[in-house]
Protein chains: 2
Amino acid sequence: MAAEHVARDADIAPVAALIADPTRAAILTALLGGRALAAGELARLAGVSAATASAHLSRLLDGGLVDVVRQGRHRYYRLAGHEVAEVLEVLARVGTRPPVRSLRQSRQARLLEEARTCYDHLAGRAGVGLLDQLRAGGHLDGEEVTPAGERLLARLGVDVTAARRARRRFAPECLDWTERRAHLGGALGAAVTGALLDLGWYVRGPVPRAVTLTDEGRGGLAALFSGKELTSHTPVT
Amino acid sequence: MAAEHVARDADIAPVAALIADPTRAAILTALLGGRALAAGELARLAGVSAATASAHLSRLLDGGLVDVVRQGRHRYYRLAGHEVAEVLEVLARVGTRPPVRSLRQSRQARLLEEARTCYDHLAGRAGVGLLDQLRAGGHLDGEEVTPAGERLLARLGVDVTAARRARRRFAPECLDWTERRAHLGGALGAAVTGALLDLGWYVRGPVPRAVTLTDEGRGGLAALFSGKELTSHTPVT
DNA sequence: GCCATGCTTCGACGGGGCCCGAAACGTCCG
DNA sequence: CGGACGTTTCGGGCCCCGTCGAAGCATGGC
């Protein structure tokens with residue numbers, strides 16, 4: 001008896017197989033932010049050679065999980081649609097279930113949930129909170145920096161004009177997978193995060209993507225957002 | 001303590017790898033009906049030897065995707081929870097549905113499109129229609145059951161309060177991958193579907209996840225939704 | 001007790017997929 | 001036009017994983 005088989009559902013195995021490889025999973029997770037990333041960046045993020053990443057991207061491509069857009073000598077890849085993102089999120093919800101084994105891992109997990117870099121900008125509770133504060137304070141309106149925002153960012157040492165000229169999107173929202181809310185991405189997000197690290201307000205720790213708020217940073221951010229300016233002129237927009 | 005990988009993102013790859021094998025995917029899909037099936041039965045359904053199926057089930061087990069309950073010399077496996085069912089459904093939505101080949105398969109496919117169980121609640125045209133009618137009749141408002149809805153469900157024998165206490169979401173929409181519209185899921189969806197089966201209004205058929213509407217069910221549902229209360233002993237609200 | 005039945009473990013076999021370095025291809029820039 | 005850079009293709013090495021038959025444990029019936 002040949003395996004006579006009953007009613008076909010959509011076969012889920014091939015799709016799952018595409019996600020099953022750790023490197024491809026890393027690539028897809030990196031793309032979860034919604035931004036399109038170049039092949040080289042993805043290779044670096046996933047920790048494999050360009051050749052390997054290229055092979056993976058090729059498979060993801062004709063598996064229909066990612067799209068590609070050619071731009072000059074770069075190829076920017078992004079998730080093929082929101083359904084793909086959904087799959088990844090639902091999968092992540094099941095995958096985290098065997099939660100944490102060692103105390104050490106749980107400490108690291110908490111660190112990452114609190115504050116980490118998402119490629120080159122700040123994510124986690126800290127990242128989401130930062131975006132909230134910028135919006136609430138009227139420093140950021142949609143994707144645009146307000147005059148008040150310009151002043152605030154200048155005090156951080158952020159070169160907003162340079163960020164505006166960058167070839168990537170200026171200030172897109174980047175969806176945070178632990179908080180399920182947006183944090184600040186793009187050129188501006190990277191610039192702000194760079195400034196925060198330069199000022200020593202956040203420092204990188206031993207855990208790969210984790211960053212931690214220093215006492216100096218806590219004070220600095222409080223002063224920055226407190227309305228009370230350290231300097232004289234208070235913006236009265 | 002070599003290769004102690006540092007706190008990763010929710011690692012979706014291992015879970016995906018469990019689903020990625022065609023045999024395991026077949027097993028999981030078979031379990032999507034919500035019933036617990038014996039290991040031997042699953043082996044036959046998947047078209048592999050008992051030894052092979054056993055190995056797969058073992059991996060699914062400590063991957064946390066299935067539960068097992070021993071009963072005599074049988075071991076009945078079932079999906080570990082509705083989250084797992086969700087993953088499979090979402091995955092199916094992305095997967096390419098291969099075209100139907102044989103007449104027999106097409107008949108079965110039509111059955112499944114008409115009415116089937118989605119893990120433990122009703123899906124297909126019947127499921128979508130049911131949700132529509134509940135909404136249209138003012139029995140369900142968003143995720144909440146209205147007073148009118150309480151009365152209607154009571155007549156079906158559904159214990160709404162029990163469903164409310166369940167640890168899963170009460171009445172979430174579950175996207176139907178054949179209809180591409182929502183049907184009723186969650187604790188309430190399961191309870192209603194259970195009631196419909198208990199009443200004999202729907203019966204399970206030979207095709208794994210398919211259910212069919214009985215004449216009695218047709219009449220019952222018509223009466224239920226017609227505003228006109230059912231025959232004799234029906235206390236008028 | 002003893003055998004039948006359901007399921008799991010063991011050992012061995014075969015295939016597919018992941019990885020990289022090197023080289024080819026394309027594009028941008030001086 | 002030539003050199004630098006990003007990306008893909010090619011070739012080869014390696015390991016993991018799915019598969020089965022046969023033997024080992026359980027359980028239930030008689």
Side-chain angles (χ1 to χ4, degrees), chain A residues 1-3 5 11-31 35-63 65-78 119 165-168, chain B residues 2-3 5 11-31 35-63 65-78:
Chain A
M1 74 149 189
H5 245 291
D11 46 354
I12 60 182
V15 192
L18 285 175
I19 312 177
D21 177 73
T23 300
R24 284 195 294 267
I27 289 176
L28 291 170
T29 303
L31 292 174
R35 299 205 322 274
L37 297 176
E41 285 177 274
L42 290 170
R44 195 178 52 78
L45 284 172
V48 295
S49 75
T52 301
S54 178
H56 285 307
L57 287 169
S58 162
R59 296 190 56 179
L60 289 174
L61 196 57
D62 60 43
L65 282 143
V66 302
D67 271 345
V68 65
V69 40
R70 304 183 44 160
Q71 202 168 318
R73 49 184 168 184
H74 297 264
R75 296 199 183 175
Y76 291 96
Y77 288 88
R78 62 178 182 192
Y119 181 42
R165 277 197 307 267
R167 268 186 323 185
R168 47 201 287 208
Chain B
H5 50 40
D11 40 2
I12 60 182
V15 193
L18 284 177
I19 312 177
D21 176 74
T23 301
R24 283 195 295 267
I27 289 175
L28 291 170
T29 304
L31 291 174
R35 294 212 319 274
L37 298 175
E41 209 168 348
L42 289 170
R44 196 181 50 79
L45 283 172
V48 295
S49 76
T52 301
S54 178
H56 285 307
L57 288 169
S58 162
R59 296 189 57 177
L60 290 174
L61 196 58
D62 61 44
L65 265 64
V66 301
D67 271 346
V68 65
V69 41
R70 305 182 44 159
Q71 209 167 68
R73 47 187 170 185
H74 297 265
R75 296 197 183 177
Y76 290 98
Y77 288 86
R78 61 177 182 193

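Please read all numbers here as calculations on a predicted model, not as lab measurements. Chain letters run A, B, ... following the sequence lines, proteins first, then strands; residues in each count from 1.
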Participant: Below 4.0 Å from chain A heavy atoms, what is the first contacting nucleotide of DNA chain C and what is the last?
Facilitator: C:dG17 to C:dC28
Participant: When you check every protein heavy atom under 4.0 Å of nucleotides 25-30 of chain D, what one-letter string (B, S, -) results, 5' to 3'?
Facilitator: -SBS--
Participant: I want to confirm an ordering. Mapping A:R59 and B:S54 to their closest nucleotides on DNA chain C, which one lands closer to the 5' end?
Facilitator: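 Nearest-nucleotide comparison on DNA chain C picks B:S54.
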Participant: Categorize A:A39 for me: base, sugar-phosphate, or nothing, with a 4.0 angstrom heavy-atom threshold over every strand shown.
Facilitator: sugar-phosphate
Participant: Who passes side-chain contact (heavy atoms from CB on, under 4.5 Å) against B:A38, sequence neighbours left out?
Facilitator: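 side-chain contact (heavy atoms from CB on, under 4.5 Å) list for B:A38, sorted by chain: B:E41, B:H74, B:Y76.
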Participant: Sequence neighbours left out, what passes side-chain hydrogen bond (donor to acceptor under 3.5 Å, both in side chains) with B:S58? Give chain and number order.
Facilitator: none
Participant: Can you sort out the partners of B:A30 under side-chain contact (heavy atoms from CB on, under 4.5 Å), two or more places apart, ordered by chain and number?
Facilitator: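 Testing B:A30 for side-chain contact (heavy atoms from CB on, under 4.5 Å), a comparison that skips the adjacent residues, returns B:L37, B:L42, B:L45.
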Participant: How is A:Y77 classified with respect to the nucleic acid when contacts are heavy atoms under 4.0 Å: base, sugar-phosphate, or nothing?
Facilitator: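 Sugar-phosphate: the residue A:Y77, judged by heavy atoms under 4.0 Å, touches backbone atoms but no base.
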Participant: Using a 3.5 Å cut-off and no angle test, enumerate the donor-acceptor pairs between side-chain atoms of residues 16-26 of chain A and protein atoms at least two apart in sequence or in another chain.
Facilitator:
residue, atom, partner, partner atom, Å
A:D21, OD2, A:T23, N, 3.0
A:D21, OD2, A:R24, N, 3.1
A:R24, NE, A:L18, O, 2.7
A:R24, NH1, A:H56, ND1, 3.1
A:R24, NH2, A:A17, O, 3.1

Participant: To the nearest 10 degrees, what angle separates the axes at the start and end of the helix from C:dG1-D:dC30 to C:dG30-D:dC1, five pairs each?
Facilitator: 30°
Participant: Enumerate the protein-to-nucleotides 19-24 of chain D contacts in which both atoms are nitrogen or oxygen and the separation is below 3.5 Å.
Facilitator:
residue, atom, partner, partner atom, Å
D:dT19, OP1, B:T23, OG1, 3.0
D:dT19, OP2, B:H56, NE2, 2.4
D:dC20, OP2, B:S49, N, 3.2
D:dC20, OP2, B:S49, OG, 3.3
D:dC20, OP2, B:T52, OG1, 2.5

Participant: What's the separation between atom OG in B:S54 and atom CZ in B:R75, rounded to the nearest 0.5 Å?
Facilitator: 8.0 Å
Participant: Kindly determine whether A:V66 and A:I27 satisfy side-chain contact (heavy atoms from CB on, under 4.5 Å), including the steps that lead there.
Facilitator: CA-CA 10 Å; A:V66 302; A:I27 289 176; 5.8 Å; no
Participant: Just jot down the side-chain contact (heavy atoms from CB on, under 4.5 Å) partners of B:A39, sequence neighbours excluded, or say none.
Facilitator: B:L57, B:Y77
Participant: Can you tell me how far C1' of D:dT7 sits from CG of A:L37, to the nearest Å?
Facilitator: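 It works out to 16 Å between those atoms.
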Participant: Distance check needed: D:dT9 P versus A:L61 CG, whole Å only.
Facilitator: 10 Å
Participant: Nearest whole angstrom, please: distance from the C1' of D:dT8 to the CG of A:L57.
Facilitator: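 Going from CG in A:L57 over to C1' in D:dT8 covers 11 Å.
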